[in-house]
Amino acid sequence: MSKSEVKIYHGAVVCKETKIRGDVTIGSMTIVHPCATIIAESGPIVIGDGNIIEEQVLIINNAKNSSGDDPPTLVIGNNNVFEVGCKVESASVGDNNVLECKSYIGPMVNLGVGCVIGAGCRLTIPEQVPDYTLVYGEKCTRKMLSDKPPNQNLQRDFLTKMLPNYHHLKRSRSTAVPTEQQAPQE
């Protein structure tokens with residue numbers, strides 16, 4: 001991959017100790033703890049708004065592209081929680097999902113909306129995980145959730161205030177386009 005660019009939108013909190021490599025976009029209000037790793041190896045990674053990415057999480061796009069087209073983009077939706085030590089190589093992750101500690105989502109797995117992947121569960125077979133699926137236990141038992149996973153607004157607000165007190169942050173890039181009054185005169 002020749003292009004290496006990290007874009008951090010305004011309002012995101014990304015600790016300097018985070019390891020980020022490749023073409024990575026991090027959306028507004030997303031929290032990235034120290035010791036998280038995000039690697040766009042085979043193609044770009046686009047992380048939506050309001051996600052929480054905890055310590056020792058590994059998000060990697062190393063999808064193989066045999067067709068010769070543009071490299072595949074790993075798209076992560078909004079308001080997801082990636083708990084300590086989980087690993088994501090998924091083709092895509094929808095919105096409002098919770099990946100508990102040490103869970104694993106393999107390549108060619110597409111995670112729907114509102115899913116909970118339990119602690120230590122491993123999804124390795126290519127599949128589309130239906131919306132509102134709970135995967136739990138050592139046999140990765142599945143059932144449908146009757147309610148959405150709870151939102152993480154309070155945790156996100158707390159982390160937004162606390163992390164800057166204890167960690168240096170990567171700066172967001174301004175995405176503002178100059179107005180006509182600010183444009184250089186010729």
Side-chain angles (χ1 to χ4, degrees), residues 7 9 11-12 14 20 22-33 36-67 69-157 159:
K7 295 177 240 63
Y9 281 80
V14 181
I20 302 176
D23 184 7
V24 177
T25 301
I26 299 173
S28 177
M29 299 307 296
T30 289
I31 310 290
V32 185
H33 285 250
T37 303
I38 303 170
I39 301 173
E41 189 172 280
S42 299
I45 296 175
V46 177
I47 300 172
D49 299 334
N51 293 290
I52 299 174
I53 301 170
E54 295 182 354
E55 292 90 354
Q56 299 175 357
V57 167
L58 172 60
I59 298 173
I60 184 167
N61 184 353
N62 58 4
K64 307 297 183 251
N65 186 8
S66 58
S67 66
D69 296 332
D70 289 336
T73 300
L74 167 53
V75 177
I76 295 174
N78 302 318
N79 302 310
N80 295 293
V81 177
F82 300 91
E83 293 184 356
V84 174
C86 75
K87 182 176 179 182
V88 177
E89 295 184 54
S90 176
S92 69
V93 175
D95 298 330
N96 302 309
N97 296 294
V98 177
L99 282 75
E100 293 183 352
C101 297
K102 301 280 187 179
S103 60
Y104 172 74
I105 306 295
M108 306 304 293
V109 174
N110 294 299
L111 194 59
V113 172
C115 298
V116 176
I117 309 303
C121 290
R122 298 179 55 81
L123 301 181
T124 58
I125 298 170
E127 66 176 308
Q128 171 66 48
V129 178
D131 295 349
Y132 306 108
T133 298
L134 168 64
V135 180
Y136 64 97
E138 62 183 50
K139 293 184 180 180
C140 292
T141 306
R142 296 173 187 224
K143 74 176 194 175
M144 298 306 290
L145 293 168
S146 56
D147 292 326
K148 294 185 207 176
N151 73 44
Q152 302 295 324
N153 292 341
L154 291 175
Q155 181 182 5
R156 192 173 41 252
D157 291 345
L159 291 169

Sorted by chain and number, sequence neighbours left out, side-chain hydrogen bond (donor to acceptor under 3.5 Å, both in side chains) with Thr133 holds for none
Listed partners of Glu55 passing side-chain hydrogen bond (donor to acceptor under 3.5 Å, both in side chains), at least two apart: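 Counting only residues at least two positions away or on another chain, Glu55 forms a side-chain hydrogen bond (donor to acceptor under 3.5 Å, both in side chains) with His33.
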Could you pull out the closest heavy-atom pair between [X] and [Y], with the gap in Å?
X     : Y     : answer
Ser28 : Gly11 : OG-CA, 4.4 Å
Glu54 : Val84 : OE1-N, 3.1 Å
Ala12 : Gly27 : CB-O, 3.4 Å

List the residues meeting side-chain contact (heavy atoms from CB on, under 4.5 Å) with Asn80, not counting sequence neighbours, and say none if there are none.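 Applying side-chain contact (heavy atoms from CB on, under 4.5 Å) to Asn80 gives Asn51, Ile76, Phe82, Val93, Asn97.
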Asn78 meets the side-chain contact (heavy atoms from CB on, under 4.5 Å) criterion, sequence neighbours left out, with Asp49, Asp95
key: Check: Ile47 and Ile38 side chains under 4.5 Å, non-hydrogen atoms   =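 Side-chain contact under 4.5 Å: yes.
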How long is the span from the [atom1] atom in [X] to the [atom2] atom in [Y], to the nearest 0.5 Å?
X     : Y     : atom1 : atom2 : result
Ile60 : Thr37 : CD1   : OG1   : 9.0 Å
Leu74 : Asp23 : CG    : CG    : 11.5 Å
Ile53 : Ile59 : CD1   : CD1   : 4.0 Å

- Task: With side chain to side chain contact (heavy atoms under 4.5 Å, CB included) as the test, would you mind laying out the steps for Ile20 and Val14 before giving the verdict?
- Result: CA-CA 10 Å; Ile20 302 176; Val14 181; 4.0 Å; yes
For residues 103-123, dump all side-chain donor-acceptor pairs below 3.5 Å to protein atoms at least two apart in sequence or in another chain.
unit_1: Ser103; atom_1: OG; unit_2: Glu100; atom_2: O; d: 2.8
unit_1: Tyr104; atom_1: OH; unit_2: Glu89; atom_2: OE2; d: 2.9
unit_1: Asn110; atom_1: OD1; unit_2: Ser92; atom_2: N; d: 3.4
unit_1: Asn110; atom_1: OD1; unit_2: Ser92; atom_2: OG; d: 2.9

Margin query: Tell me whether Gln56 contacts the main-chain N or O of Gly85 through its side chain, where contact means a donor paired with an acceptor under 3.5 Å.
Written below: no
Donor-acceptor check, side chain of Asn61 to backbone of Gly43, threshold 3.5 angstrom: yes or no?
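Yes, the answer is positive, given that a donor and an acceptor are paired below the 3.5 Å cut-off.
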Tell me which donor-acceptor pairs under 3.5 Å the side chains of residues 137-145 have, and how far apart each pair is, sequence neighbours excluded?
unit_1: Arg142; atom_1: NH1; unit_2: Glu127; atom_2: OE1; d: 2.8
unit_1: Arg142; atom_1: NH2; unit_2: Glu127; atom_2: OE1; d: 3.3
unit_1: Arg142; atom_1: NH2; unit_2: Glu127; atom_2: OE2; d: 2.8

